[in-house]
Visitor: 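Here it is: the structure, laid out below.
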Number of protein chains: 2
Amino acid sequence: MGTRAQERAALRREEILEAAERAFARNGFHATGIADIAADLGIGHGTFYRYFKNKHDIAISVAERVFSKLAEVAMSEDPTQANTVDEYRAQTERILGGMLALSRSHPVAVRLFHEQLVSIDVERLSTILETYAAFTALFLQNGIDKGFLRANIDVQPTSEALVALIFEGTRRALRTDDDEARRWATAGVRLMFDGVTAR
Amino acid sequence: MGTRAQERAALRREEILEAAERAFARNGFHATGIADIAADLGIGHGTFYRYFKNKHDIAISVAERVFSKLAEVAMSEDPTQANTVDEYRAQTERILGGMLALSRSHPVAVRLFHEQLVSIDVERLSTILETYAAFTALFLQNGIDKGFLRANIDVQPTSEALVALIFEGTRRALRTDDDEARRWATAGVRLMFDGVTAR
DNA sequence: ATTCCAAGAATGACATGTCATTCCGCTTTG
DNA sequence: CAAAGCGGAATGACATGTCATTCTTGGAAT
């Protein structure tokens with residue numbers, strides 16, 4: 001299996017993916033040529049085609065990489081674990097915190113997610129968001145079943161709304177400093193749990 | 001001013017804008033050629049350049065049109081009018097209802113907003129969202145001042161979150177039927193006002 | 001250990017196609 | 001009959017993807 005050559009090939013494929021991710025995030029998907037990606041690595045652009053069938057192929061690969069980075073964080077908590085609002089709130093804070101950290105550690109991937117994925121494959125993007133929403137729905141259902149969340153929550157649309165909220169948070173994090181991002185997270189969690197109404 | 005010729009020119013400019021909006025929404029901004037827009041109207045594509053400087057020019061113009069359509073609805077209520085939560089809730093429902101109606105009456109514009117504006121001008125898009133957020137902030141501040149909204153709301157991030165929520169609603173409306181959209185609106189408003197916590 | 005050799009990796013010139021934009025002859029209008 | 005408007009062929013820039021050719025590499029033979 002792991003011959004020297006195969007390892008090198010896998011490594012180079014990885015390098016190309018990373019260069020493409022950077023290039024797409026920097027100049028936009030459409031404005032990025034295969035030649036740009038190749039030049040970034042100092043390789044001939046013919047070489048690119050040894051590793052990827054065409055531009056669409058690498059676009060999909062880059063997109064999936066980004067999706068899985070986000071999914072790893074977004075789906076890191078157990079949806080049936082919480083038994084009280086506070087526990088769920090803590091889980092939510094961890095997820096949000098993780099997403100903001102991801103915006104710091106992989107800003108290129110997150111930028112790509114917000115600005116370019118729509119250019120690459122809208123349908124796939126929608127599907128992914130729905131998957132995240134379905135996962136979020138499990139948390140809500142858990143809370144309703146255990147009685148610590150409003151019984152009359154309409155789970156599906158509410159979870160969709162929450163996903164939108166979370167991703168807007170990461171979008172903001174890209175554009176602001178850490179303090180702002182934390183402030184955003186706090187306000188978001190409050191909105192989510194307490195709503196806007198005075199009590 | 002309004003000579004016959006000038007009127008005709010203004011009219012044609014408008015036709016081109018509408019055709020471009022349709023084409024961008026149907027095939028995407030990058031995949032749309034000037035020739036496509038011209039063909040749609042049955043005019044020569046050289047003619048296009050009598051009315052717009054270049055592709056970027058019309059892209060910007062189309063974007064601004066869409067922004068103002070959305071703004072008209074988003075900013076149709078008076079931020080200082082409400083004196084009770086219920087009044088504000090009613091205003092919010094009207095705004096959301098208006099946005100959903102817009103998704104029905106001008107799906108092309110709304111689709112463009114979600115899928116293409118990011119390709120045309122990300123910065124402008126961000127600015128616009130911030131403007132909407134600033135307007136939303138006025139409602140929140142009004143409610144806090146009058147005591148019917150939570151006093152500890154962090155106005156700026158919360159209004160940003162609400163804007164994200166509203167626009168996600170319109171995105172959903174594009175992809176679902178009227179009943180679903182209304183269901184979404186109801187769930188969204190509940191989330192916003194009541195939060196997710198049981199009481 | 002050194003030389004040799006085949007497999008396959010890398011390269012970049014090139015064919016091809018697509019557009020945005022320009023140009024110029026023709027038509028309509030005033 | 002000018003002038004303005006129009007159409008669409010022509011142009012040039014540029015990106016993708018192919019392929020004949022040139023390296024590299026790592027094992028086999030001596």
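Hydrogens, waters and symmetry mates play no part in the numbers below; they use all other heavy atoms, side chains included.
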Visitor: Out of D/dC6, C/dA9, D/dT18, which nucleotide sits closest to the side chain of A/Y49?
Guide: D/dT18

Visitor: Measure from NE2 on B/H30 to P on C/dG17 and round the result to the nearest Å.
Guide: 23 Å

Visitor: Have a look at A/G33 and say if it touches a base, only the backbone sugar-phosphate, or nothing, with a 4.0 Å heavy-atom cut-off.
Guide: sugar-phosphate

Visitor: Rounded off to whole Å, could you give me the CG-to-C1' distance for the B/D57 and C/dA20 pair?
Guide: 13 Å

Visitor: Counting the atoms with a prime plus P, OP1 and OP2 as sugar-phosphate, which does B/F52 contact under 4.0 Å by heavy atoms, base, sugar-phosphate, or nothing?
Guide: nothing

Visitor: On a plain distance test, is the side chain of A/H45 in donor-acceptor contact with the base of D/dT16 below 3.5 Å?
Guide: no

Visitor: Just the rounded figure in Å: distance from C1' of D/dA15 to CG of A/N27.
Guide: 15 Å

Visitor: Are A/R175 and B/E123 close enough for a salt bridge, meaning some N to O gap below 4.0 Å?
Guide: yes

Visitor: When the distance from NZ of A/K53 to C1' of D/dT18 is rounded to whole Å, what number comes out?
Guide: 14 Å

Visitor: Rounded to the nearest Å, what distance is computed from the NE2 atom of residue B/H56 to the P atom of nucleotide C/dT21?
Guide: 11 Å

Visitor: I want to check one thing: is the phosphate of D/dC6, taken as OP1 and OP2, less than 4.0 Å away from some side-chain N or O of B/R12?
Guide: yes

Visitor: Can you confirm whether more than 12 heavy atoms, excluding those of B/E72, are under 6.0 Å from its CD atom?
Guide: no

Visitor: Please tell me whether B/E160 and B/Q156 have a donor and an acceptor in their side chains that are separated by less than 3.5 angstrom.
Guide: yes

Visitor: Out of C/dA20, C/dA9, D/dG5, which has the shortest distance to the side chain of A/R50?
Guide: C/dA9

Visitor: What is the distance from CD1 of A/I43 to C1' of D/dT24, rounded to the nearest Å?
Guide: 16 Å

Visitor: Closest to the B/K55 side chain: D/dG26, C/dT21, D/dC6?
Guide: C/dT21

Visitor: Hey, is the side chain of A/Y51 poking within less than 4.0 Å of OP1 or OP2 on C/dA10, counting only N and O atoms?
Guide: yes

Visitor: Just how far is it from atom CZ of A/R150 to atom OG1 of B/T197, taken to the nearest 0.5 Å?
Guide: 9.0 Å

Visitor: Would you mind reading off the distance between A/I34 atom CD1 and C/dG12 atom C1', rounded to a whole angstrom?
Guide: 15 Å

Visitor: Indicate whether OP1 or OP2 belonging to C/dA9 is found under 4.0 Å from a side-chain N or O atom of A/T47.
Guide: no

Visitor: Give B/F48 one of three labels, base, sugar-phosphate or nothing, depending on what nucleic acid heavy atoms sit under 4.0 Å from its own.
Guide: nothing

Visitor: Kindly point out which of C/dT21, D/dG7, C/dA9 is positioned nearest to the side chain of B/N54?
Guide: C/dT21

Visitor: Does OP1 or OP2 of D/dG26 have a side-chain N or O of A/R8 closer than 4.0 Å?
Guide: yes

Visitor: Measure CD1/A/I37 against P/D/dT16 and give the value in whole Å, please.
Guide: 8 Å

Visitor: Do you see a donor-acceptor pair shorter than 3.5 Å between the side chains of A/T84 and A/D86?
Guide: no

